[in-house]
Amino acid sequence: MPVKHIVLFQFKDDATAEQVDTVVANMLALKDNCLHATTQKPYISSLTGGKDISIEGRQNGMQYGFVVEFPSVEDRDYYVKQDQAHKDFITSAVPILVGATVVDYDF
């Protein structure tokens, strides 16, 4: 069963526009950079995201949102627990983040 993986970022006030742009670009690049353990081919079905434009005022500080779709729970689990490209991304992003929120659901 496919899984949607929703990720929201809040950046530190002193993060530069260039730093934010780099994190956003690197997040979007995970679609091509995350390779399946067995096939060594990209396994993320889709990945979209960008800067918040909501007018509702309920962002709770979150400034960017991303939706990652995986073909299966197993692929999501591999991404979260083992994928080195994902781990490297987290390491590079964390220094300029206040926080992140992640919600998953199957469909």
Side-chain angles (χ1 to χ4, degrees):
M1 181 171 293
V3 173
K4 295 273 189 185
H5 180 76
I6 314 298
V7 181
L8 306 174
F9 290 148
Q10 180 180 5
F11 290 93
K12 292 181 179 177
D13 290 338
D14 63 351
T16 67
E18 182 179 347
Q19 288 174 313
V20 171
D21 289 348
T22 297
V23 168
V24 170
N26 289 345
M27 177 70 185
L28 294 170
L30 288 174
K31 182 172 186 320
D32 297 320
N33 294 339
C34 290
L35 304 178
H36 191 278
T38 309
T39 66
Q40 291 303 299
K41 294 182 179 180
Y43 62 93
I44 294 174
S45 302
S46 69
L47 196 163
T48 61
K51 187 171 177 61
D52 169 64
I53 61 166
S54 176
I55 61 170
E56 295 184 69
R58 297 183 176 267
Q59 298 85 339
N60 296 315
M62 297 298 165
Q63 301 155 309
Y64 285 77
F66 302 89
V67 179
V68 186
E69 184 178 321
F70 298 99
S72 68
V73 170
E74 293 79 17
D75 287 321
R76 185 275 319 267
D77 291 355
Y78 175 76
Y79 173 82
V80 171
K81 296 178 182 178
Q82 298 177 36
D83 192 295
Q84 191 60 49
H86 180 237
K87 288 180 179 185
D88 292 345
F89 167 75
I90 292 170
T91 299
S92 70
V94 163
I96 64 165
L97 291 176
V98 171
T101 298
V102 179
V103 176
D104 295 350
Y105 65 92
D106 56 15
F107 63 101

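- The minimum heavy-atom distance linking Tyr78 with Leu35 is given by the pair CE2-O, 3.5 Å.
- Taking CD of Glu69 as the start and NZ of Lys4 as the end, the distance is 4.0 Å to the nearest 0.5 Å.
- Taken together through direct or relayed side-chain contacts under 4.5 Å among Ile, Leu, Val, Met, Phe, Trp and Tyr, Phe66 and Ile90 form part of one hydrophobic cluster.
- Proximity of Asp83 to Tyr43: side-chain heavy atoms (C-beta onward) are separated by under 4.5 Å at one or more points.
- A heavy-atom distance below 4.5 Å is not found between the side chains of Pro2 and Asp106.
- Closest approach of Asp104 to Ile6, counting heavy atoms only: OD1-N, 4.1 Å.
- Side-chain contact between Val73 and Arg76: present, with at least one pair of heavy atoms (C-beta onward) separated by less than 4.5 Å.
- Counting heavy atoms from C-beta outward, Lys51 and Val24 have side chains that stay 4.5 Å or more apart.
- Counting non-hydrogen atoms of neighbouring residues, nucleotides and ligands closer than 6.0 angstrom, the CD atom of Glu18 reaches no more than 12 such neighbours.
- Side-chain atoms of His86 and Leu30, non-hydrogen and from C-beta on, do get closer than 4.5 Å to each other.
- Looking at Tyr64 and Phe11, their side chains come closer than 4.5 Å, going by heavy atoms from C-beta outward.
- Under the 4.5 Å side-chain criterion, counting only non-hydrogen atoms from C-beta, Val20 is not in contact with Gln63.
- Separation of atoms CG (Asp75) and NE2 (His5) is listed at 12.5 Å; rounding is to 0.5 Å.
- The CD1 atom of Ile96 sits 12.0 Å away from atom CD of Gln10, with the distance rounded to the nearest 0.5 Å.
- Of the possible polar contacts, one joining the Lys12 side chain to the Pro95 backbone as a donor-acceptor pair under 3.5 Å is found.
- Taking all atoms of both residues into account, the shortest heavy-atom contact from Leu8 to Gly65 is CD2-CA, 3.7 Å.
- Heavy atoms only, all atoms of each residue included: Gly49 and Leu28 are closest at N-CD2, 3.8 Å.
- Once rounded to the nearest 0.5 Å, the distance linking CD of Gln59 with OG1 of Thr101 reads 12.0 Å.
- Aromatic ring pairs are classed by plane angle as parallel below 30°, tilted from 30° to 60° and perpendicular above 60°; the pair Phe70 and Tyr79 is tilted.
- Of all the heavy atoms in Ala100 and Met62, the pair that sits closest is C-CE, 4.2 Å.
- No continuous path of ILVMFWY side-chain contacts below 4.5 Å connects Val102 to Tyr105, so the two sit in separate hydrophobic clusters.
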